[in-house]
Peer 1: 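Before I ask anything, here is the structure I am working with.
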Amino acid sequence: MTHPEKPKVNLPYFDYLLDSLAQKDPIVTQSFGRHVHWGYWSKPSAATLTSDDFALAADCLSQQVCFAGNVSSRQIILDVGCGFGGTLAVINETHSDMTLHGLNLDNRQLQRAKTLVQPKASNTVQFHQGNACALPFPNQVFDRVLAVECIFHFPDRAQFLKEAFRVLKPGGILSLSDFTPKNVIAPLMKITLPKPFDVGFYGHCRVDTPLRRYHAIANQSGFITTIENNITNNTLPTYRYLRKIGIQQKQLHFTALIETLTIELLSRLHLLDYSILAYQRPKH
Ligand SMILES: C[S@@+](CC[C@H](N)C(=O)[O-])C[C@H]1O[C@@H](n2cnc3c(N)ncnc32)[C@H](O)[C@@H]1O
């Protein structure tokens with residue numbers, strides 16, 4: 001198998017988070033010390049927007065991806081783009097006899113994940129540094145592959161889907177969350193700004209694959225589409241929460257403000273959706 005060149009980690013928001021965590025910033029630690037993703041509120045109107053409320057919503061998004069992937073005890077699971085290991089922590093706390101693997105490009109994040117996710121008695125946890133588009137695992141070893149809010153960073157969505165298919169056992173499921181633009185704005189999302197403006201606060205983000213195209217790419221890899229949930233409304237309190245904590249931060253990140261407001265506006269206009277998708281590798 002040929003391995004594409006390992007992409008470099010260029011995610012300014014993680015530099016900011018790791019710096020704030022090193023300084024023990026209490027708001028950043030509580031909001032993003034475990035998960036680095038948007039939250040899920042089953043009742044968005046009941047969001048209280050406290051740090052505890054956001055931390056619960058962040059756990060809840062991981063749980064939703066696990067439900068969609070039918071995660072259950074005695075499985076071998078790979079969480080790709082695992083961040084600080086929050087989704088594996090949730091699975092470790094709620095399931096037994098699990099063999100858990102986390103993969104990330106960024107070794108700094110993995111170091112934190114190793115301290116945060118201590119396996120329960122019957123579970124095991126291992127972390128691997130690597131690229132989601134060239135998974136360092138043999139064929140057909142995992143029951144589930146999870147990818148929570150990270151695929152838009154990967155160099156090639158189709159290549160990742162092929163790799164996820166390859167490492168899943170027959171009957172195994174890939175469950176993911178990702179931003180999916182409506183067809184009408186998808187061509188605009190392909191425009192990349194000239195350097196140095198192409199990276200911004202959130203790094204390179206390829207939010208250019210509408211749902212139908214997503215399914216087509218997954219189906220070309222051999223997957224069957226099993227779940228398609230539009231959860232945009234359940235994520236919207238995140239933006240009010242980010243505004244609230246942004247005001248409390250010492251430094252104002254102008255690019256973060258502009259990029260987050262743009263994502264919020266597109267989401268509220270339902271031009272950009274937040275989706276949970278699950279794809280199954282056929283049993284035979
Ligand atoms: C928004 S964070 C989500 C982290 C985690 N899934 C969570 O929900 O807390 C995106 C993650 O994707 C990882 N990532 C980006 N490109 C990657 C790649 N090519 N291979 C593996 N991980 C990658 C980043 O390092 C980061 O941890």
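Atoms within each ligand, like the ligands themselves, are counted from 1 in listed order. Hydrogens, waters and symmetry mates are skipped; everything else that's a heavy atom, side chains included, is used.
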Peer 1: Could you tell me whether Phe32 and Tyr16 have their ring centroids closer than 6.0 angstrom?
Peer 2: no
Peer 1: Would you tell me which option among Ala134, Gly86, Gly81, Cys150 has the nearest heavy-atom contact to atom 4 (C) of ligand 1?
Peer 2: Gly81
Peer 1: Would Pro155 count as a contact residue for ligand 1, given that I'm defining contact as a non-hydrogen atom of the residue lying under 4.0 Å from a ligand atom?
Peer 2: yes
Peer 1: Going by heavy atoms, is Ser177 under 4.0 Å from ligand 1?
Peer 2: no
Peer 1: Under a 4.0 angstrom heavy-atom cut-off, which atoms of ligand 1 come close to His35?
Peer 2: 9 (O)
Peer 1: Please confirm whether Phe160 approaches ligand 1 to less than 4.0 Å, judged on its heavy atoms.
Peer 2: no
Peer 1: Report the part of Cys133 (side chain from C-beta onward, or backbone N, CA, C, O) that has a heavy atom under 4.0 Å from ligand 1; answer both or neither where that applies.
Peer 2: neither
Peer 1: Is Lys162 atom NZ crowded by more than 12 heavy atoms from other residues, nucleotides or ligands, each under 6.0 Å away?
Peer 2: no
Peer 1: Would you check if the side chain of Asn92 reaches a backbone N or O of Lys120 as a donor-acceptor pair within less than 3.5 Å?
Peer 2: yes
Peer 1: Any Lys/Arg nitrogen of Arg144 or Asp79 sitting under 4.0 Å from an Asp/Glu carboxylate oxygen of the other?
Peer 2: no
Peer 1: Which of the numbered atoms in ligand 1 are under 4.0 angstrom from any heavy atom belonging to His153?
Peer 2: 10 (C), 15 (C), 16 (N)
Peer 1: Counting heavy atoms only, which of Arg34, Gln129, His37, His204 is nearest atom 8 (O) of ligand 1?
Peer 2: His37
Peer 1: Taking the six-membered ring of Phe165 as reference, does the NZ or CZ atom of Arg281 fall below 6.0 Å from its centre and within a 45° cone about the axis?
Peer 2: yes
Peer 1: Relative to the heavy atoms of Phe14, which atoms of ligand 1 are at a distance of less than 4.0 Å?
Peer 2: 2 (S), 26 (C), 27 (O)
Peer 1: Supply the atom-to-atom distance Cys82 SG to Asn104 CG, rounded to the nearest 0.5 angstrom.
Peer 2: 4.5 Å
Peer 1: Strictly under 6.0 Å, is that where the ring centroids of His215 and Tyr279 end up?
Peer 2: yes
Peer 1: Is any N or O atom of Val80, backbone or side chain, closer than 3.5 Å to an N or O atom of ligand 1?
Peer 2: no
Peer 1: Could you tell me whether Thr87 and ligand 1 have an N or O pair separated by under 3.5 Å?
Peer 2: no
Peer 1: Regarding Asp52 and Thr50, do their side chains bring together a donor and an acceptor under 3.5 Å, going by distance alone?
Peer 2: no
Peer 1: So which bit of Tyr13 gets within less than 4.0 Å of ligand 1, heavy atoms only: side chain, backbone, both or neither?
Peer 2: side chain
Peer 1: Within a distance under 4.0 Å of any heavy atom of Gly130, pick out the atoms of ligand 1 and give their elements.
Peer 2: 20 (N), 21 (C)
Peer 1: Check each of Val148, Asn10, Leu11 against atom 24 (C) of ligand 1 and report the one with the nearest heavy atom.
Peer 2: Leu11
Peer 1: With heavy-atom distances below 4.0 Å as the criterion, list the atoms of ligand 1 near Glu149.
Peer 2: 1 (C), 2 (S), 3 (C), 10 (C)
Peer 1: Just jot down the ligand 1 atoms closer than 4.0 angstrom to any heavy atom of Cys82, in number order.
Peer 2: 5 (C)
Peer 1: What verdict does the ring pair (Phe, Tyr, Trp, His ring centres under 6.0 Å) test give for Tyr13 and His153, after you've listed the backbone C-alpha separation in whole Å, the side-chain angles of each residue and the deciding distance to 0.1 Å?
Peer 2: CA-CA 12 Å; Tyr13 70 113; His153 283 316; 5.7 Å; yes
Peer 1: Quick one: do Gln109 and Asp106 satisfy side-chain hydrogen bond (donor to acceptor under 3.5 Å, both in side chains)? Show the steps, please.
Peer 2: CA-CA 6 Å; Gln109 295 175 47; Asp106 186 354; 2.9 Å; yes
Peer 1: For Phe84, does the six-membered ring have the charged nitrogen or CZ of Arg112 within the cation-pi criterion, i.e. under 6.0 angstrom from the centroid and within 45° of the normal?
Peer 2: yes
Peer 1: Under 4.0 Å, heavy atoms only, figure out whether ligand 1 is touched by the backbone of Val9, its side chain, both or neither.
Peer 2: neither
Peer 1: Using distance alone, decide if ligand 1 has a nitrogen or oxygen within less than 3.5 Å of any nitrogen or oxygen in Val36.
Peer 2: yes
